[in-house]
Amino acid sequence: MHIAIMGSGQLAQMMAKAGQTLNITCSFLADNEEGANPVQGLGDIVYYDKDVSAKALYQLLGTPELITVEKEDVNLELLNELQQFCRVAPSPGAIAITQNRYREKSFLNEMGLPTVQYYYASSAEQIKSAAKNIGFPLIIKAQEQGYDGKNQWRCRSEQQLEALLKAQSLGDVVLEQWVDFTHEVSIIAARSVSGEKVFYALTENDHKDGILVTSKAPATGDLRALETTAQSYINKILERLDYVGILSMECFVVDGEIIINELAPRVHNSGHWTQLGSTTCQFENHLRAISAMPLGETKITGRTAMLNILGKEVNFQPLLTQNAEVYSYQKSCRPGRKMGHINFQAHSKSALEQSLTTLKTHIYS
């Protein structure tokens, strides 16, 4: 089977490598601005040109039987046109909901699923009015093209908001109530063409400046009791969307309850631990799901953590141990950029935390 992936970053890289064991070949539709170093040697690379028709792009991509995505920031008009030639999974409709923060939160609330309080705004006046309703502190997020902390602004006071509005025009945004969360967690699920579903363990995450730094699975302590709720929420979303592929759901834990923060219609950074810590990783199960293959088991193989390597050129050799795997994305280095990640295991929670502390010190000190 041949699959085309919209995108040419590390997620496309890891999908393509997972496909090799399933006799799946890949090609990649890349943006000229993002480059394609991570997928060099893994399949044909086609650079997007708006003047080239969807039919011609489909031919250049090798007439794939399926098209999938590694990110939600994709050209929906093009995806819809490509559906004339082959199946697209996840569907453009599902991606349209998740690539826009206002549509996404409205969709969740319509199903009765909990989110923070939020308001849509498209002008300075609307932003000020919404801020009065929400109160400070609050978060302002661009409706689209906001990820890894980009296009997001935290305002702690009316004065800070006024300064922000004077400094720049924000466009269409969503204002969100700031919540005093105790933990950040996520859950990843796969749903196949036939409707078969599997769920990965609830995962505890830690972010810095909006960028994921670490993930640990399975979640421990009081968080374990929230796994059933998280599964029920994401299952409801999968069914409503008739979803096919991997779906990721990031959440806050507030007063012992789950509040949904964001959805991602794709394999996700917080699921990288599955490459070492689960019987079948998220990348393989995404390909299985969209290709109508039986889904792989998601059984935990041991306490596992993932550490992102951000904006650092790292000597990987000292990090390779019997209980660790290191992944390099083959990217040029710049501050805050995801350069790779490390998955590792330990026999106990305390040992895992100690290994995590040691690795963070080695990389970031």
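Computation of the quantities below employed the complete heavy-atom set of this structure, encompassing side-chain atoms and omitting hydrogens, waters and symmetry-equivalent molecules.
T280 places a side-chain N or O within donor-acceptor distance of the main-chain N or O of E297, the cut-off being under 3.5 Å. A distance-only check finds a donor-acceptor pair linking the side chain of T279 to the backbone of K299 [under 3.5 Å]. A distance-only check finds a donor-acceptor pair linking the side chain of T301 to the backbone of L276 [under 3.5 Å]. Between the side chain of R87 and the backbone N or O of I290 there is at least one donor-acceptor pair closer than 3.5 Å. Although no hydrogens or angles enter the test, the distance criterion places no donor-acceptor pair under 3.5 Å between the side chain of E250 and the main chain of E262. Within the 3.5 Å criterion, the main-chain N or O of A201 finds a donor-acceptor partner in the side chain of T203. Remark: the backbone N or O of A351 is paired with a side-chain donor or acceptor of S355 at under 3.5 angstrom. The backbone N or O of R288 lies less than 3.5 Å from no partner atom in the side chain of S291, so there is not a single donor-acceptor pair. Here the side chain of N285 pairs no donor or acceptor atom with the backbone of L295 at under 3.5 angstrom. Side-chain N or O atoms of Q282 include one that pairs as donor or acceptor with a backbone N or O of H268 at under 3.5 Å.
Scanning for salt bridge (charged side-chain N to carboxylate O under 4.0 Å, His left out) contacts around E104 gives an empty result, with sequence neighbours left out. Applying the salt bridge (charged side-chain N to carboxylate O under 4.0 Å, His left out) test to D172 and every residue at least two apart in sequence or in another chain returns nothing.
Within the 4.5 Å cutoff, the side chain of M306 has heavy atoms near those of the L212 side chain. Inter-residue side-chain proximity for R266 and E72 is flagged as met; some heavy-atom pair is nearer than 4.5 Å. Looking only at side-chain heavy atoms (C-beta outward), L138 and Q177 stay at 4.5 Å or farther from each other. Inter-residue side-chain proximity for S53 and E81 is flagged as unmet; no heavy-atom pair is nearer than 4.5 Å. At a threshold of 4.5 Å between non-hydrogen side-chain atoms, the residues L42 and F28 count as touching. The closest side-chain heavy-atom distance from I237 to F107 is below 4.5 Å. In this structure, Q10 and K331 have side chains that are in contact, with non-hydrogen atoms separated by less than 4.5 Å. L287 places none of its side-chain heavy atoms less than 4.5 Å from the side chain of M293.
Salt-bridge check for E144 with R103: passed, with a basic side-chain N closer than 4.0 Å to an acidic carboxylate O. Taking 4.0 Å as the cut-off between side-chain N and carboxylate O, E158 and K128 do not count as a salt-bridged pair.
If you chain together hydrophobic residues whose side chains sit under 4.5 Å apart, L352 and V326 fall into the same group. In the hydrophobic cluster analysis, where Ile, Leu, Val, Met, Phe, Trp and Tyr join through side-chain heavy atoms closer than 4.5 angstrom, I67 is grouped together with V74. At a threshold of 4.5 Å between side-chain heavy atoms, the hydrophobic network of Ile, Leu, Val, Met, Phe, Trp and Tyr places F283 and L247 in two separate groups. In terms of hydrophobic clustering, with Ile, Leu, Val, Met, Phe, Trp and Tyr side chains grouped at heavy-atom distances under 4.5 Å, Y48 and F85 are assigned to a common cluster. If you chain together hydrophobic residues whose side chains sit under 4.5 Å apart, L202 and L113 fall into the same group.
Of all non-hydrogen atoms in N205 and S270, the two that sit nearest each other are OD1-CB, 3.6 Å. For the residue pair C26 and I5, the shortest heavy atom distance occurs at SG-CD1, 4.0 Å. Taking every heavy atom of both residues into account, L29 and L78 meet most closely at CD2-CD2, 3.9 Å. Shown here for S157 and F136, the closest heavy-atom pair between the two residues is O-CE2, 3.4 Å. Looking at every heavy atom in both residues, T304 comes nearest to W273 through CG2-O, 3.8 Å. Across T63 and Q59, no two heavy atoms sit closer than the pair CG2-OE1, 3.5 Å.
Within the model, atoms OG1 of T298 and OH of Y200 stand 6.0 Å from one another, a figure rounded to the nearest 0.5 Å. Annotation: the span from Y243 atom OH to L263 atom CG amounts to 9.0 Å, rounded to 0.5 Å. Taking CD1 of I258 as the reference point, atom CE of M249 lies at 6.0 Å (rounded to 0.5 Å). C251 contributes atom SG, which lies 8.0 Å from atom CD1 of I187 (distance to the nearest 0.5 angstrom). Distance check, rounded to the nearest 0.5 Å: CD1 of I260 to CG of L108 gives 5.0 Å. With rounding to the nearest 0.5 Å, the separation of CD in E353 from OG1 in T358 is 11.0 Å.
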Show the numbers, then the answer: is there a side-chain contact (heavy atoms from CB on, under 4.5 Å) between K17 and Y327?
-> CA-CA 12 Å; K17 288 182 176 179; Y327 295 81; over 6 Å; no
Could you walk me through whether H286 and T68 pass the side-chain hydrogen bond (donor to acceptor under 3.5 Å, both in side chains) check?
-> CA-CA 9 Å; H286 179 69; T68 192; 2.8 Å; yes
Give the C-alpha distance, both sets of side-chain angles, the deciding distance and a yes or no for side-chain contact (heavy atoms from CB on, under 4.5 Å) between S332 and R337.
-> CA-CA 9 Å; S332 58; R337 193 177 202 188; 3.1 Å; yes
Test log, rule side-chain contact (heavy atoms from CB on, under 4.5 Å), inputs E284 and T274 = CA-CA 10 Å; E284 180 177 334; T274 64; over 6 Å; no
Decide yes or no on side-chain contact (heavy atoms from CB on, under 4.5 Å) for D49 and Y47, but give the supporting numbers first.
-> CA-CA 6 Å; D49 184 337; Y47 285 91; over 6 Å; no
After noting the C-alpha distance and the side-chain angles of Q143 and N100, does the key distance pass the side-chain hydrogen bond (donor to acceptor under 3.5 Å, both in side chains) rule?
-> CA-CA 5 Å; Q143 282 198 63; N100 182 286; 3.2 Å; yes
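For the residue pair N75 / K50, no side-chain donor-acceptor distance below 3.5 Å is found, with atom types taken as modelled. Between the side chains of H341 and Q275, a donor-acceptor pair is found at a separation under 3.5 Å.
At most 12 heavy atoms of other shown residues, nucleotides or ligands fall within 6.0 angstrom of atom CG in D222. More than 12 heavy atoms of other residues, nucleotides or ligands lie within 6.0 Å of CD in Q84, so this atom counts as buried by the packing criterion.
Evaluation of the salt bridge (Lys or Arg N to Asp or Glu O under 4.0 Å) test over residues 176-195, restricted to residues two or more places apart or in two chains, returns K105-E176, K141-E176, R191-E239, R191-D242.
The aromatic rings of Y102 and Y120 sit tilted relative to each other, their planes meeting at an angle between 30° and 60°. In this structure, Y329 and H272 have perpendicular ring planes: the angle between them is above 60°, well past the 30° mark.
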